[in-house]
Amino acid sequence: MADTESEITLLVDGVRRSLAVDNRVTLLDALRDRLGVTSPKKGCDHGQCGACTVLLDGRRVTTCLTFAVACDGAEVTTSAGLATDGRLHPLHQAFLDHDGFQCGYCTPGQICSAAGLLDEAGAGWPSAVTADVRTAPALDEEEIRERMSGNLCRCGAYVNIVAAISEVAAKAEPAP
Amino acid sequence: MTGLLRPRSIGANRQRVDGPAKVTGTAPYAYEHPVPNPAYLHPVQATIARGDITDMRTDEAVGLDGVLAVLTPFDAPRLETGQDAELEILQSPEVHFRGQLIGAVVAETPEIARQAAGLVRVSYARRDHDVSLSADRSDLYRPDEVNAGGETDTRQGDPDGAFAGAARAVDATYTTPMYHNNPMEPHTTVASWDSTGLTIYDSTQGVHTMRQVVASTFGIEESDIRVVAPYVGGGFGSKGTPHANIVLTVLAAKRMAGRPVKYALTRQQMFSFVGYRTPTIQRVRLGADEHGRLVSLSNHVVEQTSRIKEYAEQSCEPARKMYAAPNRGTSHRLAPLDVPVPSWMRAPGECPGMFAPEVAMDELAQACDLDPIELRVRNEPETDPASGLPFSSRNLVACLREGARRFGWAGRPALARSTLEGGWWVGTGVASSAYPVHQSPGSSTATVRFTADRRYEVRIGAVDIGTGAWTALTQIAADALDVPFEDVDLRIGDTGLPAAAVAGGSSGITNWGWAIVEAARAFREKFGAGPSPGDERTATQPENPHTERFAMSAYGAQFAEVRVDTDTGEVRVPRLLGVFAAGRIVNPRTARSQFVGGMTMGLSMALHEESVTDERFGFVVNHDLAEYHIAACADVRSVEAHWLDEHDPYVNPMGTKGIGEIGIVGTAAAIANAAYHATGVRVRDLPITADKFL
Ligand code: FES
Ligand code: FES
């Protein structure tokens with residue numbers, strides 16, 4: 001192997017995949033070009049749109065800003081992988097119910113981002129609009145909009161995206 | 001009358017049939033179709049705005065391990081020339097704009113292709129370039145016609161004389177900047193050209209349009225080309241006409257003789273050669289009597305085009321038809337510049353051309369001391385001011401009234417700068433909206449086939465760019481065949497299917513839907529209610545006899561609430577509300593998304609978007625999504641779209657008018673008018689940024 005290449009192993013949507021990558025290859029290109037995993041999309045390649053978002057070891061990242069070689073041994077979950085045994089994830093269903101997309105190109109990234117957001121808020125992480133950072137933030141629409149603003153949607157589905165995530169967040173919260 | 005379909009599936013709130021594949025990310029967009037052993041293309045772009053390439057040194061690039069081919073203007077395969085200068089790349093050493101495609105590297109991996117493209121050394125003989133648009137250039141010229149075939153200039157009565165004698169007047173210049181469409185999916189082509197022919201997976205708004213252009217550019221038969229596009233990640237016009245990237249990819253595929261070549265644009269490249277909306281400079285003059293009735297209305301527009309290919313945005317269209325006025329003048333003038341070719345962007349003409357007159361109407365309302373809705377109602381025409389024809393239906397006033405009711409317009413302070421809440425100036429504004437019913441008779445053909453498993457297969461080469469066509473066309477087919485939605489299998493997005501018009505001009509449902517209705521009717525006529533497997537019928541969308549008799553357009557009213565921070569000038573839009581009269585709505589769920597999406601793009605236009613040209617070098621400096629700001633989730637609060645039940649038997653058998661573009665028309669004017677009402681500061685130059693209030 002050339003010294004500009006590395007052998008890595010990824011667990012992608014539950015499947016172990018080993019491959020040699022050019023050290024310059026981003027995780028996004030490794031998934032799309034090398035492994036044929038095309039659920040994450042490329043919208044900008046510069047961390048500016050969020051279309052390439054996946055859960056990397058459970059946290060949302062933009063895979064276009066992540067080198068594949070730095071991810072050896074990592075677990076990658078794409079929007080496709082959020083569906084288990086052919087059953088849609090509640091976020092998938094909420095996006096369908098609220099029509100939280102049009103062309104669908106930003107959508108897998110929106111959904112991975114939303115899944116990450118729910119975990120982050122559940123763990124008590126504040127955002128820039130959280131009034132009191134000492135208490136667990138309630139996921140109201142303003143919090144969701146702030147936390148989803150790394151995911152652009154040129155089709156302008158934001159109001160429906162926020163409605164979809166609000167619905168899932170409300171169900172996830174323990175009854176008062 | 002066209003005999004409107006009885007709606008059963010039409011009107012039902014349907015989940016998108018392509019929805020599950022899209023939310024999971026398994027719906028294949030152009031780049032994602034598996035092809036064997038692909039090679040990857042990275043382009044070489046001109047770094048001067050005008051001149052000639054004197055030399056291209058490719059030896060370093062060629063020597064890089066993994067490079068398969070390098071194309072330059074000196075050795076690229078020849079194209080048919082003299083048809084479309086935008087597409088005739090690599091045929092001569094001339095450079096017409098910065099960023100022009102002048103070469104390509106094809107390699108085993110995208111990384112190698114990109115590295116090698118950076119190793120190509122280009123020498124130029126530079127010439128002075130000119131990319132500066134202004135209204136006082138001496139070389140402005142009058143195009144023969146404007147986009148969509150409209151007239152360049154119009155004149156009714158004596159607009160100047162009537163203006164001079166008007167009791168109330170507005171005379172102001174408004175500008176809209178350059179915009180880039182920026183669909184989320186970058187333009188992408190995957191092409192393979194082997195002995196069986198040329199196969200292209202493309203991110204396009206029209207597979208048949210693309211095929212026809214590739215055939216004529218490469219001098220080959222359409223029957224040797226297949227273009228496939230089942231899913232497209234937005235287009236907004238920029239994928240409606242073929243751009244040079246498809247030619248470059250096919251040139252490379254020809255060179256690679258059988259090996260597929262993939263080329264997805266970078267976001268930066270999308271600011272160079274896939275179209276944009278021209279900046280506009282609009283001089284609007286409104287003259288009215290003391291009751292606010294227009295006596296004179298004019299808009300004279302200056303825009304840019306490229307020197308190599310003319311594109312004239314039809315920005316005067318709204319001024320020609322929105323309001324009654326006995327004296328009227330409109331004109332388009334173009335500045336020919338060393339810039340990329342402008343092209344379609346969502347509601348070309350109508351969108352920028354509604355901004356200036358609708359802000360001017362707000363200024364006239366103020367001058368007449370009238371409510372802005374009342375002013376518009378007083379100027380409602382009885383027949384189409386442009387053609388003199390009666391309207392097939394026109395419910396602008398009803399939209400304004402219904403919008404006012406829903407928005408809570410009553411009781412609005414008449415004076416600007418009169419509401420201050422917690423450090424924010426608060427105001428509301430309104431603007432009218434309209435979008436014509438476009439149709440292209442004969443452009444679209446559909447086949448209905450009864451299959452062995454007793455289902456109805458409906459085949460048409462339409463494309464769903466996010467509009468919901470997959471779902472809406474299935475609904476139309478179900479009603480046309482009088483069967484349940486679930487019994488219809490739609491096939492679209494492939495030139496292997498019957499030819500169809502491009503997804504543009506908000507005319508997809510009109511053109512494709514009508515073809516499907518014709519095919520379904522022919523099918524039932526021939527085979528009745530009990531067809532046998534294998535039965536099929538094909539039919540083409542006919543002429544509409546009513547287009548000569550009626551003016552046809554959708555209308556709407558846009559309402560906005562704006563808040564402006566008293567200290568910083570920060571502008572927020574907490575509320576947008578639109579009411580539309582656009583004929584029958586096929587699918588309320590996807591239709592609402594179309595309207596709301598258009599309004600959201602209108603908000604983005606109003607507050608954020610502006611492509612900034614560096615005139616020294618001739619390119620857009622803010623050429624990415626960090627610097628060219630499009631509305632993000634936090635920018636968008638409440639956006640509501642409503643519609644009136646509108647029955648129009650003349651437009652087409654579905655009774656639809658087209659809804660893809662009207663949502664963006666008028667939105668920016670409503671926001672500008674609300675910003676004025678909040679602050680007393682009249683912004684006539686978009687975007688409405690904080691500095692305008694300080
Ligand atoms: S592609 Fe990664 S953020 Fe845009
Ligand atoms: S759905 Fe098209 S960009 Fe979001």
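Every chain is numbered from 1, with letters handed out A, B, ... down the list of sequences. Computation of the quantities below employed the complete heavy-atom set of this structure, encompassing side-chain atoms and omitting hydrogens, waters and symmetry-equivalent molecules.
With a 4.5 Å cut-off on non-hydrogen atoms, B:Thr24 touches chain A through its backbone and its side chain both. With a 4.5 angstrom heavy-atom cutoff, B:Thr109 touches chain A only via side-chain atoms. B:Tyr231 does not touch chain A: none of its heavy atoms, backbone or side chain, sits under 4.5 Å away. Contact annotation for A:Val25: both backbone and side-chain heavy atoms come within less than 4.5 Å of a heavy atom of chain B. Both the backbone and the side chain of B:Ser593 have a heavy atom closer than 4.5 Å to some heavy atom of chain A. Only the side chain of B:Gln15 has a heavy atom closer than 4.5 Å to any heavy atom of chain A. Neither the backbone nor the side chain of B:Asp18 comes within contact range of chain A; no heavy atom of the residue lies under 4.5 Å from a heavy atom of that chain. Using a 4.5 Å cut-off between heavy atoms, A:Ala80 contacts chain B through both its backbone and its side chain.
Looking only at side-chain heavy atoms (C-beta outward), A:Leu96 and B:Val23 come within less than 4.5 Å of each other. At a threshold of 4.5 Å between non-hydrogen side-chain atoms, the residues B:Ser638 and A:Val159 do not count as touching. Counting heavy atoms from C-beta on, the side chains of A:Phe95 and B:Pro20 never come closer than 4.5 Å. With a 4.5 Å cut-off on side-chain heavy atoms, A:Arg24 and B:Ile112 count as touching. Taking the side chain as every heavy atom from C-beta outward, A:Asp33 and B:Tyr31 approach each other to under 4.5 Å. The shortest distance between side-chain heavy atoms of A:Gln102 and B:Gln594 falls below 4.5 Å. By the 4.5 Å heavy-atom criterion applied to side chains, B:Cys633 and A:Val162 are counted as neighbours. The shortest distance between side-chain heavy atoms of A:Cys155 and B:Phe236 falls below 4.5 Å.
The structure places CG of A:Asp99 at 14.0 Å from CZ of B:Arg14, a figure rounded to the nearest 0.5 Å. Atom NZ in B:Lys22 sits 13.5 Å away from atom OG in A:Ser79 (nearest 0.5 Å). The distance from the CG atom of A:Asp97 to the CG atom of B:Asn13 is 10.0 Å, given to the nearest 0.5 Å.
For A:Glu141 and B:Arg637, the salt-bridge test fails: no basic side-chain N is under 4.0 Å from an acidic carboxylate O. Checked for salt-bridge contact, B:Glu32 and A:Arg32 meet the test: a charged N lies under 4.0 Å from a carboxylate O.
Of all heavy-atom pairs spanning B:Pro186 and A:Gly43, the tightest one is CG-O, 3.9 Å. When all heavy atoms of A:Arg154 and B:His180 are compared, the closest pair comes out as NH2-O, 3.2 Å. Of all the heavy atoms in A:Cys103 and B:Gly234, the pair that sits closest is CB-N, 3.3 Å.
In terms of heavy-atom pairs under 4.5 Å with chain A, the best-connected choice from B:Pro183, B:Ala27, B:Ala631 is B:Ala631. Among A:Gly100, A:Ser39, A:Pro40, the residue with the largest count of heavy-atom pairs under 4.5 Å with chain B is A:Ser39. Each of B:Asp624, B:Thr26, B:Val639 has some count of heavy-atom pairs under 4.5 Å with chain A, and the biggest count is that of B:Asp624. Heavy-atom pairs under 4.5 Å with chain B peak, among A:Glu146, A:Lys41, A:His98, A:Met148, at A:Lys41.
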Report, one line per pair, each donor and acceptor closer than 3.5 Å where one atom sits in a side chain of residues 49-61 of chain A; sequence neighbours left out.
residue : atom : partner  : partner atom : Å
A:Thr53 : OG1  : A:Gly50  : O            : 2.6
A:Asp57 : OD1  : A:Glu75  : N            : 2.8
A:Arg60 : NE   : A:Glu120 : OE1          : 3.4
A:Arg60 : NE   : A:Glu120 : OE2          : 2.9
A:Arg60 : NH1  : A:Ser113 : OG           : 2.7
A:Arg60 : NH1  : A:Arg147 : O            : 2.9
A:Arg60 : NH2  : A:Glu120 : OE1          : 2.9
A:Arg60 : NH2  : A:Arg147 : O            : 3.4

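Among residues two or more places apart in sequence or in another chain, the side chain to side chain donor-acceptor pair (under 3.5 Å) test is passed with B:Glu570 by none.
Cation-pi geometry between B:Arg16 and A:Phe101 is met: the NZ or CZ atom falls under 6.0 Å from the ring centre, inside 45° of the normal.
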